[in-house]
Amino acid sequence: MVTIIKNVKVYKPEYAGVKDILILAGKIAAVGEDLRADFGGSIEVQEIDGGDLAAVPGFIDSHEHILGGGGEGGFHTRTPEASLGDLIQNGITTVVGCIGTDGVGRDMTALLAKAHALENEGISTYAYTGSYQVPVHTLTDSLMKDIMMLDKVIGVGEVAVSDHRSSQPTFEEFVRIASDARVAGMLSGKAGIVNVHLGDSPRKLDLIWRVIRETEIPASQFLPTHVNRNEGLFEECLDFAGEGGTIDFTGNEDIDYWETICDEVRVCKGIRRLLEKGISNDRFTISSDGQGSMPVFGKDGQFQGIGIGKASCLLKEVRECVRKEGIPLETAIKGITSNPASVLKLSSKGHIGPGFDADICLLSEDTLELKTVIAKGRIMVKDGKQQVFGTFERK
Ligand SMILES: [Zn+2]
């Protein structure tokens, strides 16, 4: 199957003008003007009219509890696994799975099985080894072996710090995790990233600062997440980004309410502040924390129960960046495309250009609604309707 998208506004993520995109065998073969795909009828060619649409790279969610998470209110509060539809209906064509608080009831065997299942169903998947806990619960007998020898494992995490649910790692334990991940990443050509869950304690990034100050490990080895959890933490994370680190915002579909009860930093405002500080627009990512457990409140602020983090927040946050803060789409979209691809060393992901995987989202140009999702050349969502379903999803 050959697919050609005609006359679409291409964001590579940099804006490249109105172009055609030719897709062959799951890869982007060409991006240019007046491209032709005529094989004399010997190969079926699918044409998509790109008029009024913007083409952006498929979204990369660098922190998603694909296996389910939660459980902090007892076993019945364990959240369900992500379905293929949960991801592709929100434009996600690449996901990095992680385990959260519960590294006992869920483990690396199950996480990798789930990642393979989603890959079989059509998207690209990776994983971090471990969970909140230290020592890290690995699949093989070492963190280094997990990163070097398990194809899908690109780093370690989410290691929890500055949180009452953390294993309270000592500096020595924490620095050993970072050094093992760094060297294993180097030896296997992977990022070896340390995805760090930041809690809301006043210790903030203390452990990370010590590693950067007292060892040779650079800030770029870490991808701290939940950086917008509160104002004080965010300020310190901006300093970290200023020193060459990349910071990961957690999207929030219910931020209108959360803003009224705490000082969680709205993603679009945080990104504007980062840019105003003169920090490179390569230094931020946005992830969903999808399938994690979240308290749900009614309009009156009453606790209504436990809900599930939604992957839909990724595009919603980008939309807010553009609409509320006037950040150009080509800048905002980097947070869920080229920036995670770069920090996670996913070399075939995150860009629209020849040779990259054909992971593409088509958005309506005016409303930035998601219309079409293509993953590895296959149309997963068309005109807003899911086309490819997970094994146990209903059509
Ligand atoms: Zn977390």
Side-chain angles (χ1 to χ4, degrees), residues 60-73 77-82 95-108 111 114 126-134 136-137 154-169 174 177-178 181 193-201 203-208 222-230 232-234 236-237 240 245-255 258 262 264-265 267 270 284-295 306-311 313-314 317 335-336 340 343-344:
I60 301 170
D61 190 352
S62 63
H63 186 103
E64 159 104 26
H65 299 277
I66 56 174
L67 189 59
E72 294 170 0
T77 64
R78 286 157 56 90
T79 58
E81 296 184 4
V95 68
V96 186
C98 60
I99 298 173
T101 323
D102 179 6
V104 174
R106 302 183 201 273
D107 64 12
M108 283 308 294
L111 180 64
K114 177 65 187 179
Y126 299 92
Y128 301 122
T129 187
S131 59
Y132 275 23
Q133 287 165 288
V134 175
V136 175
H137 293 198
I154 57 172
V156 58
E158 57 174 314
V159 178
V161 302
S162 305
D163 193 305
H164 65 97
R165 298 162 292 180
S166 157
S167 288
Q168 313 303 340
F174 190 69
I177 291 169
I193 206 81
V194 185
N195 188 234
V196 182
H197 161 106
L198 297 171
D200 59 6
S201 99
R203 289 192 289 163
K204 304 187 186 89
L205 279 79
D206 285 1
L207 276 174
I208 296 178
F222 298 95
L223 180 62
T225 187
H226 317 317
V227 300
N228 50 320
R229 182 188 290 282
N230 63 54
L233 179 65
F234 182 63
E236 199 166 303
C237 288
F240 174 77
T246 300
I247 58 174
D248 184 46
F249 290 85
T250 301
N252 187 343
E253 277 284 1
D254 297 320
I255 189 66
W258 282 96
C262 67
E264 180 170 329
V265 177
V267 172
F284 72 92
T285 61
I286 312 168
S287 66
S288 74
D289 207 13
Q291 304 302 118
S293 62
M294 301 250 295
I306 295 176
I308 302 165
K310 298 189 192 85
C313 63
L314 290 192
E317 301 297 5
I336 55 174
V343 72
L344 300 174

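For ligands, and for the atoms within them, numbers begin at 1 and follow the listed sequence.
Applying the salt bridge (Lys or Arg N to Asp or Glu O under 4.0 Å) test to R106 and every residue at least two apart in sequence or in another chain returns nothing. S201 pairs by the side chain to side chain contact (heavy atoms under 4.5 Å, CB included) definition with S162, R203, not counting sequence neighbours. For K310, the salt bridge (Lys or Arg N to Asp or Glu O under 4.0 Å) criterion is met by no residue, not counting sequence neighbours.
Shown are the protein N/O/S atoms under 2.8 Å from the Zn ion (ligand 1), given by residue and atom: E158 OE1, H197 ND1, H226 NE2.
Of the possible polar contacts, one joining the H65 side chain to the C98 backbone as a donor-acceptor pair under 3.5 Å is found. Counting only distance, with no hydrogens or angles, the side chain of H137 and the backbone of G103 share a donor-acceptor pair below 3.5 Å.
Residues S131 and D102 form no side-chain contact, since every pair of their non-hydrogen atoms from C-beta on lies 4.5 Å or further apart.
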